[in-house]
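A short worksheet on the structure shown next.
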Number of protein chains: 2
Amino acid sequence: MKKADADVMRSTNRKAVLSALRRLGPLARVDIGASTLLSPAAVSGITADLLSEGMLREVTAPTSAAPSSRGRPRILLDINPDAAAFIGLRLTSDRLDVFQGDARTILQGHTVFTVKTRQLSSNGIADFIEQSVRRFIDERSVDIRNLAGIGIAVQGIVDETVGCIRWSPILSCTPVDLGGALERRFGVPVMMDNDANTLGLAHSVEPQRSRNGCLVSIMIGYGVGMGIVIDGRVYRGNRGSAAEFGHMKISGSGALCRCGARGCIEASVGDYAIYRDAREILELSPSVTLPADGATMEEIAAEGRRGNAAICNLFRHAGSVLGLGVSNIVNLLAPEAVLITGAGTASFDLMKPGFDEALMPNILPSVRDITEITVMDWSLEIDGRGTIAMAVQHWIDERSAA
Amino acid sequence: MKKADADVMRSTNRKAVLSALRRLGPLARVDIGASTLLSPAAVSGITADLLSEGMLREVTAPTSAAPSSRGRPRILLDINPDAAAFIGLRLTSDRLDVFQGDARTILQGHTVFTVKTRQLSSNGIADFIEQSVRRFIDERSVDIRNLAGIGIAVQGIVDETVGCIRWSPILSCTPVDLGGALERRFGVPVMMDNDANTLGLAHSVEPQRSRNGCLVSIMIGYGVGMGIVIDGRVYRGNRGSAAEFGHMKISGSGALCRCGARGCIEASVGDYAIYRDAREILELSPSVTLPADGATMEEIAAEGRRGNAAICNLFRHAGSVLGLGVSNIVNLLAPEAVLITGAGTASFDLMKPGFDEALMPNILPSVRDITEITVMDWSLEIDGRGTIAMAVQHWIDERSAA
DNA sequence: CCTATTTTGTTCAATCAAAGAAAAAAACCA
DNA sequence: TGGTTTTTTTCTTTGATTGAACAAAATAGG
């Protein structure tokens, strides 16, 4: 149990004000007071501080939709987008996405750099990222002095406390202290996390999502990842090793997973599993190297849609494995929502029969209907916003304490 | 994000002081300061308040083991056991355990009342509990005016926010607003929860357990329950429906579970499952009614220990299902510890081969060794302390705000 | 056109809790 | 007895919120 003193109070309330603005857009001081339950005087004081520090700015009536009532007109405040610039990075096996975002967590730009990460050394990867980001910064003329943080999403197992990648399928040599390396190179805080956690965070900061309760995001791609967000914070478990949904076993036997065990969800649902099985059915040329690229996966799905029964069955089975897995999550965690996304959902139409068959019957009756289960197309934009959100959150936490 | 004001500060620090005392036993003011990081002045002030309110008391040196150093001797403070009395209840299909506890969460007494809960109506169950508790109070001459709260553990699905049993295997008519009924009858707050949650809480307040991180307790009995405690708070999920470990599926097929689905852990590991299968092997007289009692289960286990291969296999299979389930939990939540307990662990020796076979190989290598997995004999005492702890926690929360 | 009304934002003294510093208390030691 | 050490209390200061009075800026209406 932690103590509280004046500093904690101050920082809590500053955070409350910033958080209200972050979630509810430009707000007048009265509204901030209503939302945070702070007194007008307190709001005045806090916003005055934040304004003088440059974190907030006054917004001149945005062609005020407000039905200009009488009384003194409200002055809208908003987080100052120019208060800081953020870089978000998303590293996968074949590309590096670089995002630029402002303090409002709004994306300002994006560029892709292609790279084969497995061919790089520990230093090589840091070098490549540094060069790419510097190029990005130059081209977009981001004010480097304004850079306040970097957020990175990578596949694999990450120790987010120190920014170290403990293991990753996209790197040939681990552990890599990538976070530390980039912090030294750019001189700003670097927040790193698993791609699924990042995605979960990205969704949890969406305006329509509640900041309380539990949100689970499942990401189907080459493998299968999961992010658990509880009360707005990513749940990580002991040593940041939680949320290995892909390696939940739904039977003691089954296909061999790359983790060495049998029966993992990933070994039936992940792209690599689909590809592995589809190869035998379609007699695909073995030259196509793993990891399977999007085009190949799309080709396999197309074959299924054309009516190839064996392929249909493959996807159907994947769907039922996924459904069973999700039912376990719902029984276990009863989250408010489960979002299923990632590149793999492109062929969800083929998985759906199996998924539907397995999902509801296996959710306890008493738990049914209390969790919203949504399959959504994956969007690079949401993903990018997640990386920015990580960096922004850290920045706000730090600036609130000051 | 909630605001903070002087009240929050005060209540936070009062709670910090009480929490330190609760965990670390009698403490001098200096020690409280060291533990909470509060200044001596603050500790003095807060403890003075708490003393005058009667929540704390000074403890005269308990044959002070302290090597009587020089300087002003320390005055030990402790939570005043007489500040309040608590009743803990544990309701199962055939008995009601009534516990008495003090403000230190120390058990003062215990009595069992036998009852067949399924034969009672909604009102009947409340009547029976009221009568039993009143008898208990009379016999032990508990000062009823001192009664500050009641904690109840029941099997089933509980809405702990309103104290309502939504469904329970031990009741024939649900939902039952038992919490409300008892609140009206005794005029004190009634905290109700699932038995597995209660047990999880009980373990999480044990002195050697850290108050942070995630603790999972799995309870094997007639069914299989689970309690998740994160950062000292029971995790409940949406509408309190989480932690249905017993109905996690470890395969799409398998024995039929009482929930209607197939492949539930409970349907292989729960007492009723073992009994159901053992009956066919041993040709037990079908007269023995479900739920199987402890003696019958012990008899079945004894048969296995005598070398009955079919029975051994039965337990071995149960063990492997359990092991697989636990491995899923570890992969998913990476808790600090998983405690397996409950009456069913009496035959864990027979399950162990299957359990060991299934557990470690199915835990991701990177997650192995970061979770402590313990099988412990079930103890009524710990269980009882859990019920008391629920009530005490609520009482402290309320008294801290005052 | 001018004044009353309404709503928003600010200022200032009051308050509350913790922190810091100094003093008091209660032992031990020589 | 006087000095030392450790614990606890007391007193003052600090820092934050609050409440209330006040100032500002617009509309409504005669």
Side-chain angles (χ1 to χ4, degrees), chain A residues 1-17 20-21 26-52 56-61 64 66-78 400-402, chain B residues 1-18 20-21 26-53 56-61 64 66-78 400-402:
Chain A
M1 193 56 105
K2 278 199 270 306
K3 73 153 181 178
D5 59 12
D7 285 343
V8 172
M9 197 157 128
R10 180 183 141 88
S11 117
T12 304
N13 290 339
R14 280 168 66 105
K15 249 186 257 185
V17 167
L21 283 171
L27 247 43
R29 291 176 175 76
V30 228
D31 299 323
I32 297 176
S35 160
T36 59
L37 303 181
L38 285 159
S39 70
V43 175
S44 238
I46 293 169
T47 53
D49 286 352
L50 293 172
L51 278 165
S52 81
L56 264 61
R57 64 165 186 190
E58 295 193 344
V59 170
T60 44
S64 176
S68 166
S69 70
R70 72 171 156 181
R72 175 173 174 173
R74 21 184 79 190
I75 306 162
L76 294 183
L77 298 177
D78 198 6
S400 297
Chain B
M1 195 55 104
K2 276 199 271 304
K3 73 154 181 176
D5 58 12
D7 284 344
V8 172
M9 198 156 128
R10 181 183 139 89
S11 119
T12 304
N13 289 338
R14 282 169 64 105
K15 249 186 257 185
V17 167
L18 287 168
L21 283 171
L27 247 42
R29 291 176 176 78
V30 231
D31 299 324
I32 297 176
S35 159
T36 59
L37 303 181
L38 285 159
S39 71
V43 174
S44 235
I46 292 169
T47 54
D49 285 353
L50 292 172
L51 278 164
S52 80
E53 290 168 30
L56 298 185
R57 64 166 185 189
E58 295 193 343
V59 171
T60 43
S64 174
S68 165
S69 69
R70 66 173 158 180
R72 177 172 174 171
R74 17 183 82 189
I75 306 163
L76 294 182
L77 298 176
D78 198 5
S400 296

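Basis for what follows: all heavy atoms, side chains included, without hydrogens, waters or symmetry-related copies. In what follows, every chain begins at residue 1, and chains take the letters A, B, ... in the order their sequences are listed. The structure displayed is predicted, hence computed values, not measured ones.
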Legend entry - Residue list, salt bridge (charged side-chain N to carboxylate O under 4.0 Å, His left out) with Arg14(B), at least two apart or on another chain: Glu53(B)
Could you measure the distance from the [atom1] atom of [X] to the [atom2] atom of [Y]? Nearest 0.5 Å is fine.
X: Asn13(B); Y: Lys2(A); atom1: CG; atom2: NZ; answer: 12.5 Å
X: Leu56(A); Y: Leu76(A); atom1: CG; atom2: CG; answer: 11.5 Å
X: Lys3(A); Y: Thr12(B); atom1: NZ; atom2: OG1; answer: 12.0 Å
X: Leu38(A); Y: Ile32(A); atom1: CG; atom2: CD1; answer: 9.5 Å

Using whole Å, report how far [atom1] of [X] lies from [atom2] of [N].
X: Arg29(A); N: dT7(C); atom1: CZ; atom2: P; answer: 19 Å
X: Asp31(B); N: dT7(D); atom1: CG; atom2: C1'; answer: 10 Å
X: Leu37(B); N: dG20(C); atom1: CG; atom2: C1'; answer: 16 Å
X: Leu38(B); N: dT8(D); atom1: CG; atom2: C1'; answer: 15 Å

Legend entry - Qualifying residues under side chain to side chain donor-acceptor pair (under 3.5 Å), relative to Asp5(B), sequence neighbours excluded: none
Legend entry - Partners passing side chain to side chain donor-acceptor pair (under 3.5 Å) against Glu58(A) (at least two apart in sequence or in another chain): none
Inset, instruction - Looking only at side-chain atoms of Asp5(A), point me to the closest of dA19(C), dT9(D), dT17(D). - result: dA19(C)
Legend entry - Candidate nucleotides dT8(D), dG9(C), dG15(D), ranked by approach to the side chain of Arg74(A) - the nearest: dG9(C)
Legend entry - DNA chain D contacts made by residues 41-51 of chain A, counting heavy atoms under 4.0 Å: Ala41(A), Ala42(A), Ile46(A)
Inset, instruction - Establish whether the base of dT8(C) is bridged to the side chain of Arg72(A) by a donor-acceptor pair shorter than 3.5 Å. - result: yes
Inset, instruction - Would you jot down, in residue-number order, the residues of residues 7-14 of chain B having a non-hydrogen atom under 4.0 Å from DNA chain C? - result: Met9(B), Arg10(B), Asn13(B)
Legend entry - First encountered from the 5' end of DNA chain C, between Val30(A) and Ser39(B): Val30(A)
Legend entry - First encountered from the 5' end of DNA chain C, between Glu58(A) and Gly71(B): Glu58(A)
Legend entry - Where Ala401(A) and Ser11(A) come nearest, the two heavy atoms and their spacing: CA-CB, 4.0 Å
Inset, instruction - Compare side-chain N and O positions of Arg70(A) against OP1 and OP2 of dA4(C) and report whether any pair is under 4.0 Å apart. - result: no
Inset, instruction - Please determine if a side-chain N or O atom of Lys3(B) lies less than 4.0 Å away from the OP1 or OP2 oxygen of dA16(D). - result: no
Let me have the donor-acceptor pairs involving side chains of residues 40-50 of chain B, under 3.5 Å, with sequence neighbours excluded, atom names and distances please.
residue, atom, partner, partner atom, Å
Thr47(B), OG1, Arg29(B), NE, 3.3
Thr47(B), OG1, Val43(B), O, 2.7
Thr47(B), OG1, Ser44(B), O, 3.1

